[in-house]
Amino acid sequence: MMVQRTVPLVLLPAMGCDGQLWAQQVIALGDIAHPELGDLTVDPTLEAMAARVLAHAPPRFAVAGVSLGGYVALEMIRQAPERVERVALFGTRASLRMRARTLDEQGMLAIAPHADPMLTPIISGPVQAMAERVGATVFERQQRALLARPDIGDAIRCVRVPTLVAVGERDRICLPEDARELAASIPGARFRLIRHCGHLAPMERPGEVTALLRAFLTDRLDGT
């Protein structure tokens with residue numbers, strides 16, 4: 001019987017979030033992946049964030065990121081394309097151009113509105129807890145890092161590995177059309193729209209995100 005290879009998987013959180021964002025996937029994908037969390041809280045630039053994660057990552061690995069984590073994942077590919085086996089990008093745009101937001105404004109956009117009225121009160125507590133743990137100082141540093149590099153075209157053009165681009169249909173930070181534009185700019189990228197979901201898909205729709213990653217990591221994600 002063929003034994004499934006365990007895939008080293010680096011998980012990168014969104015701005016103002018920590019490892020709780022990926023908690024369900026860490027547990028549910030343990031049979032096929034060896035997940036570890038990248039630290040995006042220390043460095044002032046995307047380049048430095050990517051370099052830090054690469055310094056602690058396995059020699060070869062898959063990477064999945066949400067929003068800020070997605071941009072760092074792209075920068076990791078630009079810096080070390082030979083080390084990244086595949087990449088999954090959630091709530092990630094083809095451009096970093098954005099307006100500056102406070103922590104509270106970003107948090108409100110991240111959790112509302114939702115098609116499912118029961119979801120926001122369930123998600124808002126954990127999201128607020130993550131924001132408090134990360135803190136305003138780190139959030140502002142992460143936001144400055146994004147604003148300092150509005151063009152990620154070079155990083156996107158470096159992507160030559162299997163790619164999944166997914167977005168919540170109710171995402172107000174990365175609109176579905178933004179994610180579609182990113183997918184269209186990466187040769188062979190698979191695009192998925194996650195129904196009844198906002199910006200923080202791994203926490204809002206953990207079962208669907210886990211299923212997507214499982215199929216993607218095991219080469220069973222069909223269609224485009």
Side-chain angles (χ1 to χ4, degrees), residues 7-15 17 21-22 38-40 43-55 57 60-101 106 110 142-169 171-194 197 199-202 209 212-213 215-217 219 221 223-224:
V7 181
L9 175 62
V10 175
L11 298 171
L12 304 175
M15 186 162 56
C17 296
L21 179 64
W22 290 106
D39 185 1
L40 309 185
D43 301 291
T45 66
L46 294 182
E47 293 88 344
M49 291 177 191
R52 178 180 297 275
V53 177
L54 284 167
R60 292 272 295 172
F61 57 90
V63 59
V66 179
S67 196
L68 170 66
Y71 305 124
V72 174
L74 290 169
E75 174 61 21
M76 289 166 65
I77 295 175
R78 190 189 71 79
Q79 291 185 20
E82 74 285 353
R83 294 182 59 190
V84 180
E85 295 183 353
R86 60 184 63 221
V87 59
L89 305 167
F90 293 85
T92 304
R93 303 166 55 194
S95 168
L96 291 181
R97 298 193 180 278
M98 57 177 285
R99 70 177 181 86
R101 299 188 179 99
Q106 182 82 2
Q142 290 175 336
Q143 183 166 243
R144 285 196 298 271
L146 285 177
L147 293 172
R149 189 180 175 191
D151 182 11
I152 57 168
D154 287 345
I156 293 172
R157 285 188 287 273
C158 289
V159 180
R160 292 293 184 270
V161 294
T163 303
L164 167 65
V165 177
V167 65
E169 69 170 342
D171 195 333
R172 295 178 62 193
I173 295 173
C174 172
L175 301 179
E177 51 265 37
D178 296 329
R180 286 186 185 276
E181 180 183 354
L182 175 62
S185 68
I186 299 174
R190 307 290 182 87
F191 176 82
R192 290 293 185 275
L193 184 68
I194 304 174
C197 185
H199 189 57
L200 302 178
V209 170
L212 269 178
L213 286 175
F216 181 59
L217 293 172
D219 289 319
L221 186 64
T224 56

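What you see is a predicted model, and the numbers here were worked out from it, not measured in a lab. In what follows, every heavy atom counts, from backbone to side chain, and hydrogens, waters and symmetry copies are set aside.
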Point to revise | Residues V167, L175; criterion side-chain contact (heavy atoms from CB on, under 4.5 Å); working and verdict | key: CA-CA 8 Å; V167 65; L175 301 179; over 6 Å; no

Going from [atom1] on [X] to [atom2] on [Y], what distance comes out if it is rounded to the nearest 0.5 angstrom?
| X | Y | atom1 | atom2 | answer |
| --- | --- | --- | --- | --- |
| M49 | L46 | CE | CG | 6.0 Å |
| R60 | E85 | CZ | CD | 4.5 Å |
| R160 | I186 | CZ | CD1 | 9.5 Å |
| S67 | I173 | OG | CD1 | 6.0 Å |

Exercise for review: Evaluate side-chain contact (heavy atoms from CB on, under 4.5 Å) for T92 paired with V165, printing each intermediate quantity in order.
Suggested key: CA-CA 8 Å; T92 304; V165 177; over 6 Å; no

Are [X] and [Y] packed together at the side-chain level, in the sense that at least one heavy-atom pair is separated by less than 4.5 angstrom?
| X | Y | result |
| --- | --- | --- |
| V66 | P202 | yes |
| R144 | P44 | no |
| L212 | I194 | yes |
| L221 | R192 | yes |
| W22 | L213 | yes |

Point to revise | Steps toward side-chain contact (heavy atoms from CB on, under 4.5 Å) verdict (L54, F61) | key: CA-CA 10 Å; L54 284 167; F61 57 90; 3.8 Å; yes

Any idea which heavy atoms bring [X] and [Y] closest together, and the distance?
| X | Y | value |
| --- | --- | --- |
| A64 | L9 | N-CD1, 4.3 Å |
| C174 | H199 | N-ND1, 4.1 Å |
| L11 | P13 | O-CD, 4.0 Å |
| A189 | A183 | CB-O, 3.5 Å |
| G168 | P176 | O-CG, 3.8 Å |

Compile the donor-acceptor pairs under 3.5 Å between side chains in residues 68-80 and protein atoms, sequence neighbours left out, one pair per line.
{"unit_1": "Y71", "atom_1": "OH", "unit_2": "R93", "atom_2": "N", "d": "3.1"}
{"unit_1": "E75", "atom_1": "OE1", "unit_2": "R78", "atom_2": "NE", "d": "2.9"}
{"unit_1": "E75", "atom_1": "OE1", "unit_2": "R149", "atom_2": "NH1", "d": "2.4"}
{"unit_1": "E75", "atom_1": "OE2", "unit_2": "R78", "atom_2": "NE", "d": "3.2"}
{"unit_1": "E75", "atom_1": "OE2", "unit_2": "R78", "atom_2": "NH2", "d": "2.7"}
{"unit_1": "E75", "atom_1": "OE2", "unit_2": "Q79", "atom_2": "NE2", "d": "2.8"}
{"unit_1": "Q79", "atom_1": "NE2", "unit_2": "E47", "atom_2": "O", "d": "3.0"}

Revision key, fill the gap. Residue pairs passing the side-chain hydrogen bond (donor to acceptor under 3.5 Å, both in side chains) test with at least one member in residues 173-185, sequence neighbours excluded, are none

Check your understanding: T163 side chain to V161 main-chain N or O, any donor-acceptor pair under 3.5 Å?
Key -> yes

Practice item. Could you tell me whether R190 sits above the aromatic face of F216, with NZ or CZ closer than 6.0 angstrom to the six-membered ring centre and within 45 degrees of the axis? Key: no

